[in-house]
Structures are given as C-alpha cells and as structure tokens.
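The chain is numbered in sequence order, starting from 1.
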Amino acid sequence: MTSPVWHPYAHLKTQPPAPKVVGGEGPRFTLEGGESLLDATCSWWCMIHGYAHPRLVAAIREQAGELCHVMLGGLTHEPADRLARELVRITPAGLNHVFYSDSGSVGMEVAMKMAVQYHQLRGRPGKHRLLSLMKAYHGDTAGCMAVCDPEEGMHSLFAGYLPRHHFAPAPTAPFDAEPEAVRADLDALRAVLETHHHEIAALLMEPLLQAAGGLNMTSPHYLRGARELCDEFDVLLVFDEVATGFGRTGKVFAADHADVTPDIMVLSKGLTGGYLGHAATLATDRVHDAFVGDSPEHAFMHGPTFMGNPLACRVALESLAVFEEEGYLGRIAGLNRVLRDELLEDAALAAHPAVEDVRVLGATAVIETRDAADLAGVGDWARGQGVWLRPIGRWLYTMPAYITDDTDMRRITDVMKGWFLTR
C-alpha cells in the first residue's frame, strides 16, 4: 500500500518509495529489514549527538513525567527560564533576551517582524524592507521565502506572491581571506545600503556558511565589515545561525569567529540536539527595550503555540550540557582535520573534470560539481556503500554528527571521493 505521507522537495512522478527508518544509535540509523546506514548529514544537520543518545533520551522521559506542554502566554516554567539563561550565557555578549518558537524558519519570521516593528517604534516606519544576500536560504515559510535567493533559490514559483526585498551579492572571499580581499564584497554591500538604507530594517545573513544555497563559505572579516556598515546606516544585523550554531563552523557560534554581536540571532536545529523541534530568537537590549512602552503597539504580536515547550527546553538544556562536558569543540576540530586531510588535500579529487571546488569549514565539507547531473544517482550508490548522502543540487556535502569517530568519518569521505574517483 502506498504511504499517504507527502514527502518534502519530492518530484511525485519519479520519487521512489522512501526507505523506512525503524531506529538508530550513534551516527547510524537502521532501516526496516535491518540495513544500517552511516548518516553523513545528521538528519539535515541537527542530530549533532547522533541517535538515541542516552542522556537526551532520559531528559525527555523525565520531563514527560512532569510537564509535557503549557502555553507560554501569561505563564512560564523552569525549563524555559533555565534555557533562556543558558543561551544568554553562551551566545555573544549583549544578546540578553530570548523569544522562543518552534522551528528555524519561524524563528527567522520572528526576527524579521521584530526588526520591522523596532524601527516603527523608533519613529521610522519607512524602514520596513529587508536586505538579504544572494545564495541565501532562510526557510520555507512565506516571509523567509521572500529573503531567499530570488534567482537560484527554490522558491521562484512563488515570486508573484512574495513581498519584494533587497539583495546584495553573495560574498566571494573565502573563509581564510585577508581583510583586503574582502573589500570588494563589502563595497558591494555598501552600495546597496547607500541606495536603500532609508527603507531597510535589517540585514539578514547566515554567518560564514550559507548552507542550503550552495554551502558558500565566507570570511569573518565580512561579518565585521557588515557590522560596521549596519551601524553606519542604522540597520539591524540579524544572524541566522540555525545551521551554523552549536559548533558547525568550528566554534560554538559562527559569530564567535569574528567577535561580533548581531542585534538579533536565530538558533534552532542543534539547539535540541535534533531531538525535538524548537527555536530561539535572541535580541540585544537595544532591540528589546524599544518594545517597552505604554501603548498597545509596543507589544510584540507573535506567539507560536508550542513556543518554550517544556520537553524541547529540557532536552535543549541536556544537549548544551553534553556539548560542554564532553568537549565537543575538540571533537569538531578532529573531524575538521579528517575532512581537510581526506578531501581538501586530495589532488586527484580537485583535478577531476566534474569537480568545481572542494571546501571545508569546521565539521562541514562540500564537493561542488559543475552540474547537478554529475551527482545523479549518488544517493543510491552511497547507500550501497553503507552511507546516507543526500546532495543539494550540484553540491555533495557532509555535516556529520559530532560523535562520529575518525574511522566512520573516513568512511564518509571515501564514499564521497569514490563517486568521482573509483566507480
């Protein structure tokens, strides 16, 4: 019997039946029938501790016996309060206020509304549009679709439905670029701000790593320059750290590479270790205090039903504890060394005619091909080698769970290289 489940991003005419997952442990999940696959994507980049981590499972069970859910409207609870305090502690200095929601996309919607209302409350209602970068991806909800790449992004079918915003060129200088090499990228950003700052409420960016838009990697100097330009033109700076947060770029947050505090930061995915959907939008005093006033317009009119869900907050607290107590930044550094040795230093891979570029940052690596057709069938082929890979367009990537050991990491890189070099 055909399943009634409508799968995401699926071409319904050609999509084969989806393999059924029945369990998982560590960096692997198990399919019906007993097949075990090493997950090179940690389930869209969120299962940073792998599957069935005993401490996270125990935290959910314990919390379920106390309180599964209660509305955050007019009420609070200990897991929400504790998690907010922990997020303020570990994020860049100055992000002192936490607004919860239930997914990264909704967390970005919160950030966008917060930025626009901030300027309204400050007497600048004309600043009601947003500035994003080409190659950006911020989510699939309506507001987020409008700030994703309008030319090469996945939402072009909805162009007539979406509001119009502004876009700056995607930065081209790589992660390790010197300041002068970033100057052209910042000049291009400045040009957009000089022309349109009077109507721009905020600049949105995925710091250092533009994920679903092509795994574009950029320099910390770009973040510092963007911070200066936003201050100059009275534009809020919003960091979408849904994919980059909690170690993916080699530090706890991508912002830490540049010692930059954005006005607003959005977290999700690794926030709960991937065990439950949840998000947090953090704001500075500057943003938060604009909403303190006597009129009804000062209330921030957003309230997802499951914001601050106790189960999600409790497992997020356990995830943060495991991350710190088990030295995950050291583990990520080890994964980075393997990725660099096995992919970045492989001359045969770099010289392959289908390969455009190979990039590594933190616990992320990508082989960019010249055409998406170069990756046709790679998922099924990798599955035959015991590895789960799911490319994005013409980008074959890995974002493994941080508990992946060196042997398994090399298994993943061998399969990625093998698609090009050994078939």
Side-chain angles (χ1 to χ4, degrees), residues 45 104 108 111-112 129-140 144-156 159 162 164-197 200 202-230 233 235-244 248-249 254-255 257-258 260 262 266 356-362 364-372 391-397 399:
W45 329 327
M108 280 302 296
M112 291 185 281
R129 299 203 184 280
L130 301 163
L131 172 59
S132 187
L133 302 177
M134 304 300 287
K135 298 188 180 182
Y137 173 81
H138 294 292
D140 293 341
C144 289
M145 287 194 296
V147 292
C148 295
D149 189 317
E151 297 178 3
E152 297 185 12
M154 63 183 76
H155 304 309
S156 58
L162 300 174
R164 300 283 183 150
H165 294 293
H166 298 288
F167 288 85
T172 57
F175 174 79
D176 56 358
E178 294 299 324
E180 282 306 309
V182 183
R183 181 51 49 196
D185 292 330
L186 291 172
D187 286 346
L189 179 59
R190 171 180 284 279
V192 179
L193 287 167
E194 284 181 339
T195 304
H196 300 289
H197 67 91
I200 293 175
L203 166 62
L204 320 176
M205 69 167 66
E206 302 152 276
L208 300 187
L209 175 65
Q210 293 180 291
L215 295 112
N216 188 40
M217 297 175 186
T218 60
S219 167
H221 296 298
Y222 186 83
L223 306 189
R224 297 186 188 106
R227 174 73 275 178
E228 292 172 3
L229 287 170
C230 286
F233 289 102
V235 167
L236 296 181
L237 179 60
V238 177
F239 279 178
D240 176 353
E241 293 235 23
V242 170
T244 58
R248 186 54 62 185
T249 65
H257 287 273
V260 165
V266 182
E356 178 74 24
D357 190 30
V358 181
R359 300 186 289 277
V360 174
L361 176 62
T364 302
V366 57
I367 302 171
E368 180 179 351
T369 65
R370 302 186 190 283
D371 193 288
I392 301 172
R394 56 190 179 88
W395 296 273
L396 181 64
Y397 75 94
M399 291 188 184

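For the pair R129 (side chain) and R164 (backbone), a donor-acceptor distance under 3.5 Å is present. Counting only distance, with no hydrogens or angles, the side chain of T195 and the backbone of A191 share a donor-acceptor pair below 3.5 Å. Without hydrogens or angle criteria, E241 side chain to A254 main chain gives a donor-acceptor distance under 3.5 Å. Between the side chain of T369 and the main chain of R394, a donor-acceptor pair closer than 3.5 Å is present. Here the side chain of W45 pairs no donor or acceptor atom with the backbone of A243 at under 3.5 angstrom.
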message = Run the side-chain contact (heavy atoms from CB on, under 4.5 Å) test on H166 and I200 for me, step by step, so that the C-alpha distance in whole Å, both residues' side-chain angles and the decisive distance to 0.1 Å come before the verdict.
response = CA-CA 8 Å; H166 298 288; I200 293 175; 3.9 Å; yes
side-chain contact (heavy atoms from CB on, under 4.5 Å) evaluation trace for R370 with D357 = CA-CA 9 Å; R370 302 186 190 283; D357 190 30; over 6 Å; no
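Of all non-hydrogen atoms in F233 and E194, the two that sit nearest each other are CZ-CG, 3.4 Å. Closest approach of G213 and Y137 over heavy atoms only: N-CB, 4.1 Å. Residues A173 and V182 come closest through the heavy atom pair CB-CG2, 3.9 Å. Of all heavy-atom pairs between A170 and M134, the closest is CB-O, 3.1 Å. Between G214 and W395, the shortest heavy-atom distance links the atoms O-NE1, 3.2 Å. Taking every heavy atom of both residues into account, L133 and M205 meet most closely at CD1-CB, 3.9 Å.
The closest side-chain heavy-atom distance from M108 to L204 is below 4.5 Å. Residues D371 and E356 have side chains not in contact (no heavy-atom distance under 4.5 Å, counting atoms from C-beta outward). Looking at L131 and V192, their side chains come closer than 4.5 Å, going by heavy atoms from C-beta outward. Looking only at side-chain heavy atoms (C-beta outward), L193 and V235 come within less than 4.5 Å of each other. By the 4.5 Å heavy-atom criterion applied to side chains, F167 and E151 are not counted as neighbours. No side-chain heavy atom of M145 sits under 4.5 Å from any side-chain heavy atom of H138. No side-chain heavy atom of D149 sits less than 4.5 Å from a side-chain heavy atom of Q210. Put simply, the side chain of L189 reaches to within 4.5 Å of the side chain of L203, judged on heavy atoms.
A salt bridge does not link D185 to R183: none of the charged nitrogens lies less than 4.0 Å from a carboxylate oxygen.
The structure places CD of E206 at 5.5 Å from CG of D240, a figure rounded to the nearest 0.5 Å.
Each of L215, T249, D176 was scored for a side chain to side chain contact (heavy atoms under 4.5 Å, CB included) with L361, with one residue passing: T249.
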All N/O donor-acceptor pairs, side-chain side in residues 218-226, below 3.5 Å, sequence neighbours left out:
residue: S219; atom: OG; partner: H221; partner atom: N; Å: 2.9
residue: H221; atom: ND1; partner: R224; partner atom: NH1; Å: 2.9
residue: R224; atom: NE; partner: A258; partner atom: O; Å: 3.1
residue: R224; atom: NH2; partner: H257; partner atom: O; Å: 3.3

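Partners of H165 by ring pair (Phe, Tyr, Trp, His ring centres under 6.0 Å), not counting sequence neighbours: none found.
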